[in-house]
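Here is the structure we will look at.
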Protein chains: 2
Amino acid sequence: MNSSNKESLEIEAKKETLRKFPLFSELSIEQFRKITSIAKVVKFKKNHFIFFDGDLYKGFYILLKGTVKISKITNDGKESVLHIIKPLNAFADVPLFEGGNYPANSQTLEESIVIFISKEGFLSLIKEDPEMSLRMICGFAKRLRELTYKIEKFSSKEVINRLAEYLLKEIKTNNTDKLDEPFLRLSVPKNTIAAYLGTVSETLSRNFNKLQKDEIIKVKGKTIIILDYPRLKKLAV
Amino acid sequence: MNSSNKESLEIEAKKETLRKFPLFSELSIEQFRKITSIAKVVKFKKNHFIFFDGDLYKGFYILLKGTVKISKITNDGKESVLHIIKPLNAFADVPLFEGGNYPANSQTLEESIVIFISKEGFLSLIKEDPEMSLRMICGFAKRLRELTYKIEKFSSKEVINRLAEYLLKEIKTNNTDKLDEPFLRLSVPKNTIAAYLGTVSETLSRNFNKLQKDEIIKVKGKTIIILDYPRLKKLAV
DNA sequence: GCCAAAAACTGACTTAAGTCAAAGGAATCA
DNA sequence: TGATTCCTTTGACTTAAGTCAGTTTTTGGC
């Protein structure tokens with residue numbers, strides 16, 4: 001396949017996927033053309049930093065493929081993982097409205113493909129069509145609720161409960177939750193999961209062991225099989 | 001003063017204050033008239049529940065005076081305080097866009113005055129004037145960032161650090177942070193602060209003691225005087 | 001397929017903070 | 001004013017989870 005062929009295919013794929021993104025699903029053809037004209041598809045290798053905490057803000061991203069970690073380094077030098085981004089989710093969109101620089105680091109955890117949309121392009125688009133902000137606000141509202149939920153959990157639960165909850169969420173996004181033995185493949189290193197759950201890898205490891213000894217899960221390398229869904233759910237309370 | 005006089009004064013006060021609220025600050029006279037026509041001013045006594053977790057959603061509120069606690073009861077029966085609302089902040093606005101019932105309990109901690117705006121009224125208004133949603137999205141973006149920040153702190157810091165941070169935030173909203181000895185009056189019972197900081201009142205009490213023994217603060221009943229601002233700031237890192 | 005580096009795990013120890021129980025202090029209402 | 005109730009503090013105890021150090025396992029490059 002020659003390079004121009006490859007490129008045109010990529011553009012088609014990008015247009016197709018953008019259509020699936022809730023924010024753009026109901027735009028007119030004209031509006032949609034504008035979006036695709038300013039959107040850029042970019043591919044990154046594993047462990048690539050997309051932007052750093054404090055970098056000049058240029059625009060936001062939508063993840064198409066792979067996994068992206070959003071994290072900060074706390075004052076005592078530890079990494080705090082704020083989000084683990086999965087495909088068809090936007091990230092770094094808050095500064096669009098809030099101003100300021102990129103508020104955290106962003107690093108790929110696998111080979112990833114993202115769509116980049118520049119701040120200027122997007123804001124001028126939203127100005128012409130303020131209804132788009134209505135759709136965007138729904139996404140923000142959803143995330144506000146999720147974050148509130150996360151804080152609630154965080155403040156009152158132990159690591160094993162947070163881990164149980166994380167596993168449940170993962171098998172749901174993997175769509176294996178209806179199987180007899182739901183399973184998941186960790187697309188994220190365990191120390192990242194630990195930082196995401198607000199703990200350290202040693203403690204996480206011990207809690208994986210606990211769940212395994214109680215025959216609630218079975219760990220085979222990066223694959224985790226849920227043996228006792230009801231008890232896992234009970235733990236995630 | 002007779003009742004009709006009092007009422008008209010109240011309406012004037014309400015119009016005046018609504019104008020200060022960022023969401024409405026740049027509306028046209030016509031738009032603003034519509035908002036004031038659907039907004040209701042309500043006064044509540046101390047400890048009054050405004051709505052309960054799960055109640056049918058009817059609309060959102062803007063606090064004019066007093067303090068309101070937004071909380072949930074966790075599965076193990078503990079109270080988790082999600083927000084402590086201060087004047088000129090909106091609450092229960094997320095379900096406007098997300099749907100569903102009221103997602104938490106809301107209770108006054110002092111005598112409070114709120115503005116209630118019904119869901120239907122507000123949504124029809126926003127439909128006529130989608131630019132309003134642009135202003136609203138900025139508020140949401142701000143809160144998203146704050147919540148993210150809170151999660152980051154929560155996951156890595158000890159109670160004494162969270163307490164220091166809370167005190168700093170309070171003296172800032174009380175505008176005494178430029179004084180030689182900044183101070184604040186707790187408008188919130190200590191067990192509520194504890195639940196807000198994700199701990200229990202005993203632990204909070206011990207941490208207040210620690211700060212006092214180290215001569216960083218001085219506690220006189222509900223009044224707290226900051227003796228050593230730099231060290232408090234260092235703790236809040 | 002082998003080796004070095006990174007990631008994950010284990011054990012021993014320490015500590016922040018939760019629990020329970022009881023006492024002291026403050027607020028409220030008759 | 002006094003009394004009841006609620007809020008706050010204190011002490012003794014327990015435990016989840018962090019730290020440090022060392023080992024094992026996995027991964028990725030050559």
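Letters go in sequence order (proteins before strands), and every chain restarts at 1. Worth saying up front: this structure is predicted, and the values here are computed from it rather than measured. Worth knowing before you read on, the calculation uses all heavy atoms, side chains too, and leaves out hydrogens, waters and symmetry mates.
Where A:G221 and B:L204 meet DNA chain D, the nucleotide closest to each residue was compared, and B:L204 sits on the side nearer the 5' end. Residues B:T203 and B:K46 both approach DNA chain C. Their nearest nucleotides, taken by heavy-atom distance, put B:T203 toward the 5′ side.
Taking the charged nitrogens against the carboxylate oxygens, A:R143 and A:D93 do have a contact shorter than 4.0 Å, which makes a salt bridge. Electrostatic pairing of B:E79 and B:K69 counts as a salt bridge here, judged by a charged N lying under 4.0 Å from a carboxylate O. Using a 4.0 Å cut-off between a side-chain N of Lys or Arg and a carboxylate O of Asp or Glu, B:K142 and A:E98 do not qualify as a salt bridge.
From the 5' end on, the contacts that DNA chain D makes with chain B at under 4.0 Å to a non-hydrogen atom open and close at D:dT8 to D:dA12.
With hydrogens and angles disregarded, no donor-acceptor distance shorter than 3.5 Å links the side chain of B:N207 to the backbone of B:L204.
Rounded to whole angstrom, the span from the CD atom of A:E202 across to the P atom of C:dA6 amounts to 17 Å. Residue A:F208 contributes atom CZ, which lies 12 Å from atom P of C:dT10 at whole-angstrom precision. Rounded to whole Å, the distance from CG on A:L211 to P on C:dC9 is 12 Å. A:K190 has its NZ atom 14 Å from the C1' atom of C:dA6, to the nearest Å. What separates CG of B:N191 from P of C:dA27 is a distance of 14 Å, to the nearest Å.
A side-chain donor from one of A:S187 and A:K86 sits under 3.5 Å from a side-chain acceptor of the other.
Residue contacts for A:K222: at a heavy-atom cut-off of 4.0 Å it reaches the sugar-phosphate backbone alone, with no base atom in range.
Of the candidate nucleotides C:dT10, C:dC9, C:dT19, C:dT10 has the atom nearest to the side chain of A:R206.
No cation-pi contact links A:K190 to A:Y166, judged by a cut-off of 6.0 Å to the six-membered ring centre and 45° from its axis.
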